[in-house]
Visitor: 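Handing you this structure, nothing more for now.
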Amino acid sequence: MSKIRIAVIGCGSIAKYRHIPEYAEHPNVEIVAFVDPIIERAEQFAEQHGGKAFADYKVMLAEVKPDAVSVCTPNALHASLSIDAAAAGAHVLVEKPMAVTDAEAEAMIKAASDNNVHLMVAHNQRLMPPHVKAKEILDSGVLGKVLTFRTAFGHPGPESWSADGAGSWFFRKEEAIMGAMGDLGVHKSDLIRWLLNDEVAEIGAFVGTLHKENTEVDDNASCILRMESGAIGTLVASWTYYRGEDNSTILWCENGVLKIGTHPDDQVIVELRDGTIEKHKVGAISTNEKQLTSGIVDAFIESIVTNTKPSICGEEGRASLKVILCAFESQETGKFIRVNE
Ligand SMILES: NC(=O)c1ccc[n+]([C@@H]2O[C@H](COP(=O)([O-])OP(=O)(O)OC[C@H]3O[C@@H](n4cnc5c(N)ncnc54)[C@H](O)[C@@H]3O)[C@@H](O)[C@H]2O)c1
(Lines give C-alpha, C1' and ligand atoms only; values in the text may rest on other atoms or scores of the structure.)
Protein backbone atom coordinates (compact mmCIF):
# COMPACT_ATOMS: atom_id res chain seq x y z
CA MET A 1 0.00 0.00 0.00
CA SER A 2 1.34 3.45 -0.84
CA LYS A 3 1.98 5.67 2.15
CA ILE A 4 -0.40 8.45 3.21
CA ARG A 5 1.25 11.77 2.35
CA ILE A 6 0.88 14.15 5.28
CA ALA A 7 1.42 17.89 5.63
CA VAL A 8 1.70 19.49 9.06
CA ILE A 9 0.39 23.07 9.12
CA GLY A 10 1.71 24.99 12.12
CA CYS A 11 5.05 23.82 13.52
CA GLY A 12 4.79 24.93 17.15
CA SER A 13 4.58 22.86 20.30
CA ILE A 14 1.64 20.53 19.65
CA ALA A 15 3.12 19.67 16.24
CA LYS A 16 6.54 19.14 17.77
CA TYR A 17 5.51 17.04 20.76
CA ARG A 18 2.63 15.06 19.28
CA HIS A 19 1.70 15.23 15.61
CA ILE A 20 5.17 15.11 14.05
CA PRO A 21 6.68 12.33 16.21
CA GLU A 22 3.51 10.25 15.93
CA TYR A 23 3.41 10.60 12.12
CA ALA A 24 7.17 9.96 11.92
CA GLU A 25 6.74 6.68 13.77
CA HIS A 26 3.74 5.55 11.75
CA PRO A 27 4.58 2.89 9.16
CA ASN A 28 1.85 4.02 6.72
CA VAL A 29 2.83 7.69 6.71
CA GLU A 30 5.23 9.89 4.78
CA ILE A 31 5.46 13.50 5.98
CA VAL A 32 5.77 15.52 2.78
CA ALA A 33 5.45 19.10 4.00
CA PHE A 34 5.78 21.36 7.01
CA VAL A 35 4.19 24.81 7.03
CA ASP A 36 4.88 27.75 9.32
CA PRO A 37 5.19 31.48 8.58
CA ILE A 38 8.25 31.30 10.85
CA ILE A 39 9.93 29.30 8.11
CA GLU A 40 12.88 28.17 10.27
CA ARG A 41 10.45 26.09 12.30
CA ALA A 42 9.20 24.31 9.18
CA GLU A 43 12.74 23.95 7.81
CA GLN A 44 14.02 22.38 10.98
CA PHE A 45 11.42 19.61 10.82
CA ALA A 46 11.95 19.13 7.08
CA GLU A 47 15.67 18.60 7.71
CA GLN A 48 14.89 16.11 10.42
CA HIS A 49 12.11 14.15 8.72
CA GLY A 50 12.36 14.91 5.01
CA GLY A 51 9.60 16.74 3.13
CA LYS A 52 9.52 20.37 2.08
CA ALA A 53 9.17 23.54 4.16
CA PHE A 54 6.61 26.23 3.28
CA ALA A 55 5.70 29.59 4.82
CA ASP A 56 2.25 29.64 3.18
CA TYR A 57 -0.19 26.74 3.43
CA LYS A 58 -2.01 27.72 0.20
CA VAL A 59 1.23 27.38 -1.78
CA MET A 60 1.83 24.05 -0.06
CA LEU A 61 -1.66 22.71 -0.85
CA ALA A 62 -1.32 23.66 -4.53
CA GLU A 63 2.22 22.34 -4.91
CA VAL A 64 2.23 19.23 -2.73
CA LYS A 65 -1.40 18.08 -2.88
CA PRO A 66 -1.13 16.11 0.38
CA ASP A 67 -3.51 13.24 1.15
CA ALA A 68 -4.08 14.64 4.64
CA VAL A 69 -3.12 17.54 6.88
CA SER A 70 -2.79 18.29 10.56
CA VAL A 71 -3.94 21.81 11.45
CA CYS A 72 -1.83 22.87 14.47
CA THR A 73 -2.15 26.66 14.26
CA PRO A 74 -3.69 29.32 16.51
CA ASN A 75 -7.43 28.78 17.09
CA ALA A 76 -8.75 31.55 14.83
CA LEU A 77 -7.16 29.92 11.78
CA HIS A 78 -8.51 26.40 12.30
CA ALA A 79 -11.66 26.82 10.25
CA SER A 80 -10.28 28.61 7.18
CA LEU A 81 -7.26 26.32 6.92
CA SER A 82 -9.34 23.17 7.40
CA ILE A 83 -11.88 24.27 4.82
CA ASP A 84 -9.16 25.10 2.28
CA ALA A 85 -7.41 21.78 2.93
CA ALA A 86 -10.67 19.85 2.49
CA ALA A 87 -11.36 21.76 -0.74
CA ALA A 88 -7.91 20.67 -1.93
CA GLY A 89 -8.97 17.05 -1.30
CA ALA A 90 -7.03 16.49 1.93
CA HIS A 91 -8.36 14.69 5.01
CA VAL A 92 -8.15 16.99 8.02
CA LEU A 93 -7.02 16.42 11.59
CA VAL A 94 -7.64 19.72 13.36
CA GLU A 95 -6.53 20.69 16.83
CA LYS A 96 -9.05 21.71 19.49
CA PRO A 97 -11.02 23.88 19.78
CA MET A 98 -11.96 22.88 16.23
CA ALA A 99 -13.19 26.42 15.51
CA VAL A 100 -14.09 29.62 17.30
CA THR A 101 -17.76 29.88 16.35
CA ASP A 102 -20.50 27.33 15.81
CA ALA A 103 -21.02 28.57 12.23
CA GLU A 104 -17.35 27.89 11.47
CA ALA A 105 -17.60 24.38 12.88
CA GLU A 106 -20.69 23.75 10.75
CA ALA A 107 -18.90 25.03 7.63
CA MET A 108 -15.94 22.74 8.32
CA ILE A 109 -18.20 19.70 8.58
CA LYS A 110 -19.89 20.68 5.32
CA ALA A 111 -16.56 21.23 3.55
CA ALA A 112 -15.36 17.77 4.60
CA SER A 113 -18.60 16.17 3.49
CA ASP A 114 -18.75 18.08 0.17
CA ASN A 115 -15.19 17.06 -0.65
CA ASN A 116 -15.56 13.50 0.58
CA VAL A 117 -12.73 13.72 3.10
CA HIS A 118 -12.57 12.84 6.79
CA LEU A 119 -12.56 15.54 9.45
CA MET A 120 -11.23 14.59 12.87
CA VAL A 121 -10.77 16.79 15.95
CA ALA A 122 -7.77 16.15 18.21
CA HIS A 123 -9.71 15.60 21.43
CA ASN A 124 -6.96 13.38 22.78
CA GLN A 125 -8.36 13.22 26.31
CA ARG A 126 -10.73 10.52 25.08
CA LEU A 127 -7.79 8.28 24.23
CA MET A 128 -5.82 8.67 27.47
CA PRO A 129 -5.66 5.29 29.25
CA PRO A 130 -7.30 6.52 32.49
CA HIS A 131 -10.24 7.91 30.52
CA VAL A 132 -10.54 4.78 28.39
CA LYS A 133 -10.63 2.69 31.59
CA ALA A 134 -13.15 5.04 33.21
CA LYS A 135 -15.42 4.83 30.17
CA GLU A 136 -15.23 1.04 30.25
CA ILE A 137 -16.24 1.03 33.94
CA LEU A 138 -19.11 3.47 33.39
CA ASP A 139 -20.38 1.54 30.38
CA SER A 140 -20.27 -1.74 32.35
CA GLY A 141 -23.09 -0.40 34.51
CA VAL A 142 -21.44 -1.40 37.82
CA LEU A 143 -21.72 2.15 39.16
CA GLY A 144 -25.26 2.76 37.93
CA LYS A 145 -26.27 6.21 36.75
CA VAL A 146 -23.96 9.20 37.14
CA LEU A 147 -25.70 11.62 39.50
CA THR A 148 -23.16 14.39 39.89
CA PHE A 149 -19.59 15.13 38.82
CA ARG A 150 -16.77 17.57 38.80
CA THR A 151 -14.14 17.88 36.07
CA ALA A 152 -11.19 20.24 36.08
CA PHE A 153 -8.22 21.19 33.98
CA GLY A 154 -5.84 23.75 35.42
CA HIS A 155 -2.14 24.46 34.90
CA PRO A 156 0.12 27.52 35.11
CA GLY A 157 -0.73 28.69 31.58
CA PRO A 158 0.75 28.38 28.09
CA GLU A 159 3.83 30.58 28.67
CA SER A 160 6.09 27.60 29.24
CA TRP A 161 4.39 25.54 26.49
CA SER A 162 3.87 27.66 23.38
CA ALA A 163 6.70 27.98 20.84
CA ASP A 164 6.44 31.75 21.42
CA GLY A 165 6.44 31.63 25.23
CA ALA A 166 4.97 34.62 27.06
CA GLY A 167 4.60 36.48 23.73
CA SER A 168 2.34 33.74 22.40
CA TRP A 169 -0.82 34.05 20.30
CA PHE A 170 -2.53 32.17 23.18
CA PHE A 171 -2.85 35.55 24.96
CA ARG A 172 -4.03 37.57 21.95
CA LYS A 173 -7.78 37.82 21.49
CA GLU A 174 -7.64 38.10 17.70
CA GLU A 175 -5.81 34.81 17.26
CA ALA A 176 -6.96 32.84 20.29
CA ILE A 177 -10.53 34.21 20.70
CA MET A 178 -10.74 32.13 23.89
CA GLY A 179 -8.17 31.62 26.65
CA ALA A 180 -8.24 28.87 29.27
CA MET A 181 -11.71 27.82 28.11
CA GLY A 182 -10.58 27.19 24.52
CA ASP A 183 -7.32 25.67 25.67
CA LEU A 184 -8.49 23.51 28.57
CA GLY A 185 -12.26 23.84 29.10
CA VAL A 186 -13.11 22.35 25.73
CA HIS A 187 -11.09 19.23 26.60
CA LYS A 188 -13.36 18.70 29.58
CA SER A 189 -16.64 19.53 27.85
CA ASP A 190 -15.66 16.88 25.32
CA LEU A 191 -14.60 14.41 28.00
CA ILE A 192 -17.76 14.73 30.04
CA ARG A 193 -20.05 14.37 27.00
CA TRP A 194 -18.17 11.26 25.95
CA LEU A 195 -17.81 9.66 29.40
CA LEU A 196 -21.49 10.12 30.24
CA ASN A 197 -22.67 9.42 26.71
CA ASP A 198 -24.87 12.44 27.24
CA GLU A 199 -25.22 16.04 26.07
CA VAL A 200 -24.96 19.21 28.11
CA ALA A 201 -28.47 20.64 28.30
CA GLU A 202 -27.77 23.83 30.20
CA ILE A 203 -24.75 25.76 31.45
CA GLY A 204 -24.08 28.68 33.75
CA ALA A 205 -20.60 30.16 33.97
CA PHE A 206 -18.31 32.73 35.45
CA VAL A 207 -15.47 33.36 33.02
CA GLY A 208 -12.81 35.95 33.79
CA THR A 209 -9.27 37.22 33.49
CA LEU A 210 -8.03 37.18 37.05
CA HIS A 211 -4.27 37.26 36.96
CA LYS A 212 -2.53 37.02 33.57
CA GLU A 213 -1.20 40.35 32.37
CA ASN A 214 -1.21 41.69 28.81
CA THR A 215 -4.10 39.56 27.67
CA GLU A 216 -7.72 40.05 26.74
CA VAL A 217 -8.59 36.37 26.98
CA ASP A 218 -9.92 34.46 29.97
CA ASP A 219 -7.54 32.78 32.42
CA ASN A 220 -10.22 31.16 34.62
CA ALA A 221 -13.71 29.73 34.32
CA SER A 222 -16.04 27.95 36.71
CA CYS A 223 -19.14 26.45 35.16
CA ILE A 224 -22.14 24.47 36.33
CA LEU A 225 -23.71 22.02 33.94
CA ARG A 226 -26.98 20.14 33.75
CA MET A 227 -26.87 17.15 31.43
CA GLU A 228 -29.85 15.91 29.40
CA SER A 229 -30.00 12.86 31.72
CA GLY A 230 -30.48 15.24 34.64
CA ALA A 231 -26.98 14.75 36.10
CA ILE A 232 -25.47 17.99 37.36
CA GLY A 233 -21.84 18.91 37.82
CA THR A 234 -19.06 21.44 37.51
CA LEU A 235 -16.38 22.14 34.93
CA VAL A 236 -13.38 24.29 35.75
CA ALA A 237 -10.62 25.59 33.48
CA SER A 238 -7.67 27.61 34.74
CA TRP A 239 -4.37 29.04 33.60
CA THR A 240 -3.49 30.18 37.14
CA TYR A 241 -2.90 26.87 38.91
CA TYR A 242 0.73 27.90 39.44
CA ARG A 243 1.05 24.98 41.83
CA GLY A 244 -1.39 22.12 42.22
CA GLU A 245 -2.01 21.35 38.56
CA ASP A 246 -5.30 19.51 38.14
CA ASN A 247 -6.53 17.29 35.33
CA SER A 248 -8.95 15.18 37.32
CA THR A 249 -12.57 14.14 37.08
CA ILE A 250 -14.76 12.61 39.80
CA LEU A 251 -18.14 11.07 39.09
CA TRP A 252 -20.51 10.24 41.95
CA CYS A 253 -22.92 7.56 40.86
CA GLU A 254 -25.86 5.54 42.24
CA ASN A 255 -23.56 2.74 43.42
CA GLY A 256 -20.38 4.58 44.33
CA VAL A 257 -17.74 6.97 43.10
CA LEU A 258 -15.28 6.90 40.17
CA LYS A 259 -12.13 8.98 40.62
CA ILE A 260 -9.89 9.72 37.62
CA GLY A 261 -6.49 11.35 37.97
CA THR A 262 -6.79 12.05 41.69
CA HIS A 263 -3.86 9.79 42.70
CA PRO A 264 -0.48 9.69 40.92
CA ASP A 265 -0.12 5.87 40.99
CA ASP A 266 -3.72 4.68 40.88
CA GLN A 267 -5.10 6.69 38.00
CA VAL A 268 -8.59 5.24 38.23
CA ILE A 269 -10.22 4.39 41.55
CA VAL A 270 -13.68 2.90 42.07
CA GLU A 271 -15.21 2.96 45.54
CA LEU A 272 -18.50 1.13 45.80
CA ARG A 273 -21.17 1.78 48.44
CA ASP A 274 -20.49 -1.64 50.03
CA GLY A 275 -16.93 -0.51 50.80
CA THR A 276 -15.19 -2.36 47.94
CA ILE A 277 -12.29 -0.39 46.49
CA GLU A 278 -10.75 -1.14 43.09
CA LYS A 279 -7.57 0.64 42.05
CA HIS A 280 -6.41 0.66 38.43
CA LYS A 281 -2.86 1.43 37.37
CA VAL A 282 -3.37 2.19 33.71
CA GLY A 283 -0.71 4.81 32.95
CA ALA A 284 -0.63 8.51 33.54
CA ILE A 285 -2.45 11.42 31.93
CA SER A 286 -0.13 13.55 29.73
CA THR A 287 0.98 16.85 31.20
CA ASN A 288 2.82 19.75 29.55
CA GLU A 289 6.04 18.45 31.09
CA LYS A 290 5.45 14.80 30.29
CA GLN A 291 3.96 14.18 26.85
CA LEU A 292 2.70 10.69 26.19
CA THR A 293 1.75 9.26 22.82
CA SER A 294 -1.75 10.55 22.22
CA GLY A 295 -3.12 7.88 19.88
CA ILE A 296 -4.79 10.64 17.88
CA VAL A 297 -2.56 10.27 14.83
CA ASP A 298 -2.99 6.47 14.82
CA ALA A 299 -6.77 6.88 14.95
CA PHE A 300 -6.72 9.47 12.13
CA ILE A 301 -4.58 7.28 9.87
CA GLU A 302 -6.77 4.27 10.69
CA SER A 303 -9.82 6.24 9.51
CA ILE A 304 -8.13 7.11 6.25
CA VAL A 305 -6.79 3.61 5.60
CA THR A 306 -10.11 1.91 6.37
CA ASN A 307 -12.21 4.77 4.97
CA THR A 308 -14.24 4.91 8.18
CA LYS A 309 -15.58 8.09 9.75
CA PRO A 310 -13.39 9.03 12.76
CA SER A 311 -15.13 8.53 16.09
CA ILE A 312 -13.96 12.01 17.18
CA CYS A 313 -15.54 13.57 14.10
CA GLY A 314 -16.46 17.16 13.28
CA GLU A 315 -19.93 16.78 14.80
CA GLU A 316 -18.38 15.70 18.12
CA GLY A 317 -15.94 18.61 18.08
CA ARG A 318 -18.78 20.98 17.27
CA ALA A 319 -20.93 19.79 20.19
CA SER A 320 -18.00 20.13 22.63
CA LEU A 321 -17.19 23.62 21.31
CA LYS A 322 -20.83 24.70 21.63
CA VAL A 323 -20.75 24.04 25.40
CA ILE A 324 -17.79 26.41 25.77
CA LEU A 325 -19.38 29.08 23.58
CA CYS A 326 -22.50 28.89 25.73
CA ALA A 327 -20.36 29.39 28.85
CA PHE A 328 -19.14 32.70 27.38
CA GLU A 329 -22.74 33.62 26.57
CA SER A 330 -23.70 32.86 30.18
CA GLN A 331 -20.90 35.10 31.45
CA GLU A 332 -22.02 37.92 29.13
CA THR A 333 -25.74 37.69 29.85
CA GLY A 334 -25.70 36.61 33.49
CA LYS A 335 -28.11 33.83 32.54
CA PHE A 336 -28.11 30.06 32.27
CA ILE A 337 -27.89 29.04 28.63
CA ARG A 338 -29.73 26.11 27.05
CA VAL A 339 -27.11 24.60 24.77
CA ASN A 340 -29.26 23.18 22.01
CA GLU A 341 -32.00 25.76 21.64
N1 LIG B 1 -4.73 18.55 22.03
C2 LIG B 1 -4.03 19.14 22.96
O3 LIG B 1 -3.85 18.63 24.06
C4 LIG B 1 -3.40 20.47 22.67
C5 LIG B 1 -2.36 20.95 23.47
C6 LIG B 1 -1.80 22.19 23.14
C7 LIG B 1 -2.27 22.92 22.08
N8 LIG B 1 -3.30 22.45 21.33
C9 LIG B 1 -3.86 23.23 20.22
O10 LIG B 1 -2.95 23.22 19.14
C11 LIG B 1 -3.02 24.46 18.45
C12 LIG B 1 -1.60 25.01 18.33
O13 LIG B 1 -1.08 25.22 19.62
P14 LIG B 1 0.46 25.11 20.00
O15 LIG B 1 0.50 24.80 21.44
O16 LIG B 1 1.19 24.25 19.05
O17 LIG B 1 0.87 26.65 19.77
P18 LIG B 1 2.33 27.24 19.47
O19 LIG B 1 2.26 28.67 19.79
O20 LIG B 1 3.38 26.43 20.15
O21 LIG B 1 2.50 27.04 17.89
C22 LIG B 1 1.63 27.57 16.92
C23 LIG B 1 2.40 27.64 15.61
O24 LIG B 1 1.50 28.00 14.55
C25 LIG B 1 2.24 28.83 13.66
N26 LIG B 1 1.33 29.56 12.77
C27 LIG B 1 0.73 30.76 12.97
N28 LIG B 1 0.02 31.12 11.86
C29 LIG B 1 0.18 30.12 10.95
C30 LIG B 1 -0.26 29.92 9.62
N31 LIG B 1 -1.05 30.80 9.00
N32 LIG B 1 0.11 28.79 8.98
C33 LIG B 1 0.91 27.88 9.57
N34 LIG B 1 1.37 28.02 10.85
C35 LIG B 1 1.01 29.12 11.52
C36 LIG B 1 3.06 29.70 14.60
O37 LIG B 1 4.12 30.36 13.92
C38 LIG B 1 3.53 28.67 15.61
O39 LIG B 1 4.77 28.09 15.22
C40 LIG B 1 -3.97 25.35 19.24
O41 LIG B 1 -5.23 25.38 18.63
C42 LIG B 1 -4.06 24.69 20.59
O43 LIG B 1 -5.31 24.87 21.21
C44 LIG B 1 -3.85 21.24 21.60
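Counting begins at 1 with the first residue of the sequence. Counting convention: from 1, in listed order, for ligands and their atoms alike.
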Visitor: State whether the shortest distance between N or O atoms of D183 and N or O atoms of ligand 1 falls below 3.5 angstrom.
Guide: no
Visitor: So is there a nitrogen or oxygen of Y57 less than 3.5 Å from a nitrogen or oxygen in ligand 1?
Guide: no
Visitor: Keeping R226 on the side-chain end and R338 on the backbone end, is there a donor-acceptor pair under 3.5 Å?
Guide: no
Visitor: Just jot down the ligand 1 atoms closer than 4.0 angstrom to any heavy atom of V35, in number order.
Guide: 33 (C), 34 (N)
Visitor: What's the shortest distance from atom 27 (C) of ligand 1 to any protein heavy atom, and which residue and atom give it?
Guide: P74 CD, 3.5 Å
Visitor: Please determine if D190 and R126 form a salt bridge, counting it only when a charged side-chain N lies under 4.0 Å from a carboxylate O.
Guide: yes
Visitor: Check whether the ring centres of H187 and F153 lie less than 6.0 Å apart, and answer yes or no.
Guide: yes
Visitor: Please could you name the atoms of ligand 1 that I9 approaches to less than 4.0 Å, counting only its heavy atoms?
Guide: 33 (C)
Visitor: Considering distance alone, does some N or O of I14 sit under 3.5 Å from an N or O of ligand 1?
Guide: yes
Visitor: In the protein, which heavy atom is nearest to atom 12 (C) of ligand 1, and how far is it?
Guide: C72 O, 3.4 Å
Visitor: Side chains of K96 and N75: donor-acceptor distance under 3.5 Å anywhere?
Guide: no
Visitor: Taking N or O atoms only and a 3.5 Å limit, does A15 qualify as a polar contact for ligand 1?
Guide: no
Visitor: Taking only Lys NZ, Arg NE, NH1 and NH2, and the carboxylate oxygens of Asp or Glu, determine whether E329 and K335 approach each other closer than 4.0 Å.
Guide: no
Visitor: Hey, is D266 close enough to K259 for a salt bridge, meaning N to O under 4.0 Å?
Guide: no
Visitor: At less than 4.0 angstrom from any non-hydrogen atom of L77, what atoms of ligand 1 do you find?
Guide: 28 (N), 29 (C), 30 (C), 31 (N)
Visitor: So is E175 in contact with ligand 1, going by heavy-atom distances below 4.0 Å?
Guide: no
Visitor: Could you check whether any heavy atom of R18 sits closer than 4.0 Å to an atom of ligand 1, since that is the contact criterion I want to use?
Guide: yes
Visitor: Select the closest option to atom 42 (C) of ligand 1 among H123, K96, K16, H78, judged by heavy-atom distance.
Guide: K96
Visitor: Backbone N or O of R193 within a donor-acceptor pair of the D198 side chain at under 3.5 Å?
Guide: no
Visitor: For atom 11 (C) of ligand 1, which of the options V186, L184, T73 provides the nearest non-hydrogen atom?
Guide: T73
Visitor: Testing the basics here: between C11 and F34, what is the closest heavy-atom pair and its distance to 0.1 Å?
Guide: SG-CB, 3.8 Å
Visitor: Specify whether W239 and F171 have parallel, tilted or perpendicular ring planes, treating 30° as the upper limit for parallel and 60° as the lower limit for perpendicular.
Guide: perpendicular
Visitor: Is there a side-chain contact between D219 and T215 in this structure, where contact means two heavy atoms from C-beta onward sitting under 4.5 Å apart?
Guide: no
Visitor: Please report whether ligand 1 has a polar contact with D164, defined as an N or O pair separated by less than 3.5 Å (distance criterion only).
Guide: no
Visitor: Going by the angle between their ring planes, with limits at 30° and 60°, are F300 and Y23 parallel, tilted or perpendicular?
Guide: perpendicular
Visitor: Do H123 and S320 have side chains that get closer than 4.5 Å, going by heavy atoms?
Guide: yes
Visitor: When you measure from atom 21 (O) of ligand 1 to every protein heavy atom, which one gives the shortest distance, and what is it?
Guide: G12 CA, 3.2 Å
Visitor: Is E315 salt-bridged to R318, going by a charged N under 4.0 Å from an acidic O?
Guide: no
Visitor: Which ligand 1 atoms does A122 reach within 4.0 Å, using its non-hydrogen atoms?
Guide: 1 (N)
Visitor: I'd like to know whether ligand 1 has H187 as a neighbour, heavy-atom separation below 4.0 Å.
Guide: yes
Visitor: Quick one: which ligand 1 atoms are inside 4.0 Å of a heavy atom on A163?
Guide: 18 (P), 19 (O), 20 (O)
Visitor: We want to know whether T276 and E271 form a side-chain donor-acceptor pair, criterion being a heavy-atom distance below 3.5 angstrom.
Guide: no
Visitor: Identify, by atom number and element, the atoms of ligand 1 in contact range of N124, meaning under 4.0 Å from any of its heavy atoms.
Guide: 1 (N), 2 (C), 3 (O)
Visitor: Considering only non-hydrogen protein atoms, determine which one is nearest to atom 29 (C) of ligand 1 and report residue, atom name and distance to 0.1 Å.
Guide: P37 CD, 3.4 Å
Visitor: Do NZ/NE/NH1/NH2 and the carboxylate oxygens of R41 and D164 come within less than 4.0 Å?
Guide: yes
Visitor: Is W169 close enough to touch ligand 1? Criterion: a residue heavy atom under 4.0 Å from a ligand atom.
Guide: yes
Visitor: Starting from atom 15 (O) of ligand 1, which protein heavy atom do you reach first, and at what distance in Å?
Guide: W161 NE1, 2.5 Å
Visitor: Any atoms of ligand 1 less than 4.0 Å from a non-hydrogen atom of G10? List them with their elements.
Guide: 24 (O), 33 (C), 34 (N)
Visitor: Out of all atoms in ligand 1, which are within 4.0 Å of some heavy atom of S13? Include the element for each.
Guide: 16 (O), 18 (P), 20 (O), 21 (O)
Visitor: How far is atom 44 (C) of ligand 1 from its nearest protein heavy atom, and which residue and atom name does that atom have?
Guide: E95 OE1, 3.0 Å
Visitor: Just go through I39, I38, D36 and tell me whose heavy atom is the nearest to atom 37 (O) of ligand 1.
Guide: D36
